[in-house]
Amino acid sequence: MSKKIFSGVQPTGNLHLGNYIGAIRNFVDLQNEDQNECIYCVVDLHALTTKQDPVALKKNIRETTAAFLASGLDYKKSIIFNQSLVKSHSEGSWLLSCVARMGWLNRMTQFKEKAGKDKEKASVGLYIYPVLMAADILLYDTTHVPVGEDQKQHLELCRDIAQKFNLDFKAPNFLRVPEPLIKKNFSRIMSLKDGTKKMSKSDPSDFSRINLNDDKDSIVSKIKKAKTDNHPLPENQEELKKRPEAENLFGIYSSLNNQDLTKTLNEFSGRNFSEFKNKLSDLLIEKLSPVSQKMKNIQKDSKYIDDVLKEGAERANAIASKKVDEMKKIVGF
Ligand code: TYM
């Protein structure tokens, strides 16, 4: 069955291995499956929910687009654009924010984490960010949304908003209720410094993550310094579950090698961490260097990137503006 795919990535710099394994690599696989219609968005409106330097934001929009293209997204096959070029996202988001309930947003754990202790000082945008995300998805009659584990709650909210809109305005099935596509394994890559914390762009330590544009030496030294424990390498999955740092590194290795954890456990059984870490660095370099090299080349041509985004925005606008017009009719305008 053909799927309508929508997903987005924030252009906030420091794209990392979690973004790659949890999202971007899966975008490419979905694009290359027959008959899927894929839309991939650089969600620059979302980036504004935390403080941004305008010059850096512009650079990061291009860098994220370059990462999409370098990873194998093809702008002829998929629609690739940045959110701020398609006005319907802001308009749809307003219509949906009048349907979403405060109580629902109050439950969002990512807001609590990002706002931290002083949530009075967080932007209103950060609070209603999942509503904008729902608009992104619902404007395109999306059937499936590929994301990492951390976006699961936002997708449940998106489904609730779609159902409430359809119910409130007596428009059954008007907004399509999308399914999350979250890989069963390796959909949550953890920090290299703490196996219980998600790998994240905003971690102040660069040693907590592998960035997509890290060079070979950085990859080697980050993996060398990655936290492990003092025990020998785990022998089975049960043992692995109790050792978060080892589980994360084994997960990264398995995922990049497209193999299950058991195979990795067998491969390294009886060996020591330093041998495993050398192999892991080699694999990371093998898989990521071509991507980072391509990213560098693509980024040399800003006009090419801007043209890709502009063309994508025209195609996205043709779909989204129709849907938002229908929404406006339904609500009584
Ligand atoms: P963002 O920009 O934080 O992350 C982009 C994608 O990367 C995934 N991801 C991870 N996956 C595994 N392990 C990690 N450590 C890790 N860190 C990030 C995220 O799950 C995501 O898939 N709100 C979204 C962007 C968005 C969106 C949308 C997504 C806006 N509109 C519509 C889907 C559909 C976000 O901030 O992702």
Side-chain angles (χ1 to χ4, degrees), residues 4-28 30 38-50 52 60-61 63-65 67-68 71 79 81-84 86 89-90 92-93 96 108-111 113-114 125-126 128-140 142-159 161-162 178-203 208-212 244 247-248 251-252 255-256 316 320:
K4 284 193 175 178
I5 308 289
F6 185 100
S7 198
V9 176
Q10 290 198 52
T12 37
N14 295 337
L15 278 179
H16 54 70
L17 189 66
N19 299 127
Y20 184 70
I21 293 177
I24 300 174
R25 206 175 57 149
N26 305 327
F27 298 175
V28 179
L30 287 161
C38 299
I39 306 181
Y40 298 118
C41 187
V42 178
V43 290
D44 49 7
L45 296 173
H46 274 99
L48 280 189
T49 58
T50 55
Q52 298 295 326
N60 288 334
I61 293 168
E63 186 183 89
T64 305
T65 313
F68 281 3
S71 303
I79 297 181
F81 73 108
N82 58 316
Q83 202 182 21
S84 63
V86 178
H89 288 250
S90 310
S93 174
L96 296 178
M108 295 297 113
T109 51
Q110 201 167 87
F111 174 76
E113 279 165 23
K114 283 198 177 170
L126 187 66
I128 60 162
Y129 141 144
V131 181
L132 176 60
M133 178 164 162
D136 298 341
I137 296 165
L138 300 174
L139 286 175
Y140 298 91
T142 303
T143 61
H144 295 84
V145 187
V147 282
E149 230 273 324
D150 63 329
Q151 296 297 323
K152 190 167 172 223
Q153 198 185 27
H154 292 158
L155 286 181
E156 282 160 8
L157 182 85
C158 170
R159 290 166 58 88
I161 293 175
E179 297 295 329
L181 275 185
I182 299 173
K183 288 254 154 111
K184 216 170 108 218
N185 296 317
F186 324 127
S187 60
R188 192 174 173 82
I189 304 298
M190 310 309 273
S191 157
L192 299 180
K193 293 186 79 178
D194 178 351
T196 62
K197 255 176 63 186
K198 193 182 73 169
M199 184 178 284
S200 151
K201 294 171 186 171
S202 53
D203 193 313
S208 68
R209 62 181 163 260
I210 301 284
N211 298 309
L212 282 193
E247 188 181 23
N248 188 39
I252 293 171
S255 144
L256 287 178

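Residues: numbered from 1 along the sequence shown. Atoms within each ligand, like the ligands themselves, are counted from 1 in listed order.
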Using a 3.5 Å cut-off on N/O to N/O, what pairs does ligand 1 make with the protein? A line per pair would be great.
{"unit_1": "ligand 1", "atom_1": "2 (O)", "unit_2": "Q10", "atom_2": "N", "d": "2.9"}
{"unit_1": "ligand 1", "atom_1": "2 (O)", "unit_2": "K201", "atom_2": "NZ", "d": "3.4"}
{"unit_1": "ligand 1", "atom_1": "4 (O)", "unit_2": "N19", "atom_2": "ND2", "d": "3.4"}
{"unit_1": "ligand 1", "atom_1": "7 (O)", "unit_2": "N19", "atom_2": "ND2", "d": "3.1"}
{"unit_1": "ligand 1", "atom_1": "11 (N)", "unit_2": "G18", "atom_2": "O", "d": "3.1"}
{"unit_1": "ligand 1", "atom_1": "13 (N)", "unit_2": "I189", "atom_2": "N", "d": "2.9"}
{"unit_1": "ligand 1", "atom_1": "15 (N)", "unit_2": "I189", "atom_2": "O", "d": "2.8"}
{"unit_1": "ligand 1", "atom_1": "15 (N)", "unit_2": "M199", "atom_2": "O", "d": "3.0"}
{"unit_1": "ligand 1", "atom_1": "20 (O)", "unit_2": "G148", "atom_2": "N", "d": "2.9"}
{"unit_1": "ligand 1", "atom_1": "20 (O)", "unit_2": "D150", "atom_2": "OD1", "d": "2.4"}
{"unit_1": "ligand 1", "atom_1": "22 (O)", "unit_2": "G148", "atom_2": "N", "d": "3.2"}
{"unit_1": "ligand 1", "atom_1": "23 (N)", "unit_2": "Y129", "atom_2": "OH", "d": "2.7"}
{"unit_1": "ligand 1", "atom_1": "23 (N)", "unit_2": "Q151", "atom_2": "OE1", "d": "3.3"}
{"unit_1": "ligand 1", "atom_1": "31 (N)", "unit_2": "D136", "atom_2": "OD2", "d": "2.7"}
{"unit_1": "ligand 1", "atom_1": "36 (O)", "unit_2": "Q10", "atom_2": "NE2", "d": "2.8"}
{"unit_1": "ligand 1", "atom_1": "36 (O)", "unit_2": "Y129", "atom_2": "OH", "d": "2.7"}

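Here Q151 pairs with Q110, Y129, M133, V147, H154 under the side chain to side chain contact (heavy atoms under 4.5 Å, CB included) rule; sequence neighbours left out.
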Inset, instruction - Start with the C-alpha distance between D203 and K193, add both sets of side-chain angles, then the distance that settles salt bridge (Lys or Arg N to Asp or Glu O under 4.0 Å), and finish with yes or no. - result: CA-CA 10 Å; D203 193 313; K193 293 186 79 178; over 6 Å; no
Legend entry - Residues H16, N211; criterion side-chain hydrogen bond (donor to acceptor under 3.5 Å, both in side chains); working and verdict: CA-CA 4 Å; H16 54 70; N211 298 309; over 6 Å; no
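Between F68 and Y40, the ring planes lie perpendicular to each other; the angle is over 60°, past the 30° to 60° tilted range.
Of the possible polar contacts, none joining the T64 side chain to the I61 backbone as a donor-acceptor pair under 3.5 Å is found.
Counting non-hydrogen atoms of other residues, nucleotides and ligands closer than 6.0 Å to NZ of K152 gives a total of 12 or fewer.
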